[in-house]
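Residue numbers run from 1 in the order of the sequence given.
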Amino acid sequence: MSSEPRVIAVIPARAGSKGIPGKNLRQVAGRSLVARAVAAALAAETVDEVVVSTDGDAIAAEAVAAGARVVRRPADLAGDEASSESALLHALDTVAPQAPEAGEHPAPEVLLFLQATSPFIDPADLDRAVGRVLEGAADSVLAAAPSHAFLWRLAEDGSAVAVNHDAATRPRRQDRAPEFRETGAFYAVRVAAFREARHRFVGRVELAVVPASTAIDIDEPHDLALASALAPLLEVEVEAAPADQPAVASPVAPTPRAGGTPAPRASAPGASAPSRASAPRAGGTPAPHESAPSASARSRTSTLRAGGVPAPHANAPSASARSRTSAPEPAAASATTSATSAPAPRPTDPHPARISAAENGAP
């Protein structure tokens, strides 16, 4: 973290959610939504400081435990009618006032706005978006997923009207250029322009294109169930390895069902025990503006794999083993076969390097 932060990440997370009570503390694959957002921001190389804006004690404690600084949001900015922009401006004015006094940090150059309701934010996407603003190529960059959907709207008389296509022509998917759907996951915007316009879409706007498979927004209970089901397929953890061996990626263990235990994972050869120290949750309410740990102290062991498929939990039996109908072989031979089994394949990422072409209620 630089002594004069150029990029500040702000995660608004109010306590009063109506669709899913306590939404920002609900868990996906064993981690709360607010903790997941903090982890993504901390893992981004371009981010200097991570701030959570909240009016809830439990959310504040969770944010500090995850490594973020907390800004207490006043009640008038935490209601159902408050905008995200109002919370962002309040956080900026609290952490980096426009006219800093002696000894205070100057205002940052870039504001990175993350929404905790998007559980699969890739830190690499954050860095690409921030980089476009820092280098002067864009003033605002938003996350968007490609779409080839044919959209319709209802007219006043109830009839259907084609929106983004000619209803008389139905081209093939490969013959249509994609359109892009705003995901709401993150926005990078130049601070000076944002403060002047007081909204996030200023100057030259670009898209940070993200895979549609990860563009999930938690708004209803079924969204939470879908995200929990997809998490083991979309995420891997990097296990620690000796200095002379590369790190090995293995699938994140799914959250155990009530009364059960998760299936054991097949061990990767050459890998030592994974380093997965999780920060304990704070038992009490943290003081406002508690400082986050330095960049060197951040733990970045979780990597989002867009659409990746995790390695199977156990090696499948060979074709010869499947076709056996005779009595089982001696135990010694079986043990030899097990010991020489090929290691589980690593997850693959079907989404190659993505282009960077570059909701409004307060979360």
Does the side chain of T54 reach to within under 4.5 Å of the side chain of V70, using non-hydrogen atoms?
yes

Between R204, R190, R200, which is the residue that forms a salt bridge (charged side-chain N to carboxylate O under 4.0 Å, His left out) with D139?
R190

A side-chain contact here means heavy atoms from C-beta on lying under 4.5 Å apart; do F194 and S140 qualify?
no

Working to the nearest 0.5 angstrom, can you tell me the gap between S17 OG and I59 CD1?
9.0 Å

Taking V163 as the starting point, is it possible to reach F150 by hopping between hydrophobic residues whose side chains are less than 4.5 Å apart?
no

Check the pair R6, E109 against salt bridge (Lys or Arg N to Asp or Glu O under 4.0 Å), reporting the backbone distance first and the verdict last.
CA-CA 5 Å; R6 300 180 66 196; E109 297 179 45; 2.7 Å; yes

Per the side-chain hydrogen bond (donor to acceptor under 3.5 Å, both in side chains) rule, which among T94, D55, D57 passes with R72?
D57

R73 versus P12: any side-chain heavy-atom pair under 4.5 Å?
yes

Decide if atom CD of Q174 counts as having more than 12 heavy atoms of other residues, nucleotides or ligands within a radius under 6.0 Å.
yes

Using side-chain heavy atoms (C-beta onward) and a distance below 4.5 Å, is R195 in contact with D93?
yes

Working to the nearest 0.5 angstrom, can you tell me the gap between Q115 CD and L33 CG?
11.5 Å

CD (E135) with more than 12 external heavy atoms under 6.0 Å:
yes

So among V47, D127, V133, L111, which one has a side chain to side chain contact (heavy atoms under 4.5 Å, CB included) with V7?
V47

Is any side-chain heavy atom of E235 closer than 4.5 Å to one of T214?
no

What's the separation between atom OG in S32 and atom NZ in K23, rounded to the nearest 0.5 Å?
13.5 Å

With rounding to the nearest 0.5 Å, note down the distance linking CG in N164 to CH2 in W152.
10.0 Å

What's the verdict on side-chain contact (heavy atoms from CB on, under 4.5 Å) for I8 and D48, showing C-alpha distance, side-chain angles and the deciding distance?
CA-CA 6 Å; I8 182 172; D48 296 303; over 6 Å; no

Show the numbers, then the answer: is there a side-chain contact (heavy atoms from CB on, under 4.5 Å) between E49 and V95?
CA-CA 10 Å; E49 187 168 20; V95 175; 3.8 Å; yes

Rounded to the nearest 0.5 Å, what's the gap from CD1 on I11 to CD1 on I121? Could you check?
7.5 Å

Restricting to non-hydrogen atoms, name the atom on A227 and the atom on I218 that form the minimum distance, rounded to 0.1 Å.
CB-CD1, 3.8 Å

Hey, what do you get for NE2 (H148) to CZ (R176), rounding to the nearest 0.5 Å?
6.5 Å

Where does the angle between the aromatic ring planes of Y187 and F201 fall among parallel (under 30°), tilted (30 to 60°) and perpendicular (over 60°)?
perpendicular

If you compare all heavy atoms of I20 against all heavy atoms of P221, which two are closest, and at what distance to 0.1 Å?
CD1-N, 3.7 Å

Under 4.5 Å between any side-chain heavy atoms of V209 and F180, yes or no?
yes

